[in-house]
Amino acid sequence: MSTSTTITKPAPIIEGSLTAFLKSIDKLGKGAVPSTFSGIDTSVYDPKVAQQVKLQTDAAARAGELGALTGPDAYRDYMSPYQQDVINATLSEFDRQQSIADTALRDRAIQAGAYGGGREGVMAAEAARGAADQRANLQAQLLAQGFQQAQAAAAADLQAEQGLGAYQSQLGQAQQAVDQAEFDATQIAAREAEFQPFTQLGLIGQQLAQIQPGAFPTQTVGYAPPAAPASPMSQFLGGAAGIAGIGGKLGLFG
């Protein structure tokens, strides 16, 4: 029984492209076992995170120092260095005015002939006590005024420091975002460079796969093996049958 084999080949116009494509795949596929595959260097596109910039670290450091502006003694650094001079000058003027008042009170007592008496002594003592109270109140007011001014200055400084810190943080975050964007762009570029051969072959493979089977003529090669040679017995029987036929026609066999 004879058989035939039919081989269908791609059209010559695309055969070269397919051959080159398959050779490229074989080249990239060498060492494709995960333990030995070295075609892609993943280390070149490792992700990176942008670190905080100096503006951010400085803002964080200054934020840690803001506690000194909120403590009970924070106002001391904001007290006016001239405050005590102002207090001393004010109290000195008060004492001078009080001395004038005491002299006038004594003069009135002398004119009334009551100087040195009990009534004059009571009036002088009462006047001295009132003057002392007024002097203490005046000093307290001056100190309170200085304290309030120092507190206001400390609060204003705290607010300014907080605002500056927030502004520095915003600028730092913006710079950090730029740095991160640069890292990401570099990573993407490195990854694309590593995958470029695979991406290119993938695109070529897609184009080759889209070619319709009937778009180009194919070559069909038929092959039929030769018939097997006859056996000696069949040759003998064939020859005998032929001789018997000839002998019959000649009347050799009655």
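Model, not experiment: these values are computed from the prediction.
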Give a yes or no on whether the backbone of [Y] and the side-chain of [X] come within a donor-acceptor separation of less than 3.5 Å.
X	Y	answer
Q149	M79	no
Q56	V53	yes
T90	V86	yes
N88	Q84	yes

Do [X] and [Y] come within less than 4.5 Å of each other through their side chains, counting heavy atoms only?
X	Y	result
Q175	L55	no
Q52	Q176	yes
Q187	D46	no

[atom1]/[X] to [atom2]/[Y] distance, rounded to the nearest 0.5 angstrom?
X	Y	atom1	atom2	answer
Q168	E161	CD	CD	8.5 Å
Q159	Q162	CD	CD	7.5 Å
I87	F94	CD1	CZ	14.5 Å
L142	F147	CG	CZ	15.5 Å
Q98	T103	CD	OG1	10.0 Å
I204	T199	CD1	OG1	11.0 Å

Steps toward salt bridge (charged side-chain N to carboxylate O under 4.0 Å, His left out) verdict (E194, R191): CA-CA 5 Å; E194 286 295 312; R191 183 177 59 191; over 6 Å; no
Compute whether any side-chain donor of one residue and acceptor of the other, for Q141 and Q145, lie under 3.5 angstrom apart.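 Q141 vs Q145: no donor-acceptor pair found between side chains.
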Exercise: do Q196 and Q200 side chains pair donor with acceptor under 3.5 Å: yes
Same apolar cluster: L143 and L91, side chain cutoff 4.5 Å: yes
Is there a path from V178 to F183 through hydrophobic residues (I, L, V, M, F, W, Y) whose side chains come within less than 4.5 Å of each other? no
Of all heavy-atom pairs between [X] and [Y], which one has the smallest distance, and what is that distance?
X	Y	value
G146	Q83	CA-NE2, 2.9 Å
Y45	A190	CB-CB, 4.0 Å
G165	A59	O-CB, 3.7 Å

Does a sphere of radius 6.0 Å around CD in Q180 hold more than 12 heavy atoms from other residues, nucleotides or ligands, not counting ones at 6.0 Å or beyond?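 Yes, enclosed.
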From CA spacing to verdict: salt bridge (charged side-chain N to carboxylate O under 4.0 Å, His left out), R62, D58: CA-CA 6 Å; R62 293 182 69 86; D58 288 348; over 6 Å; no
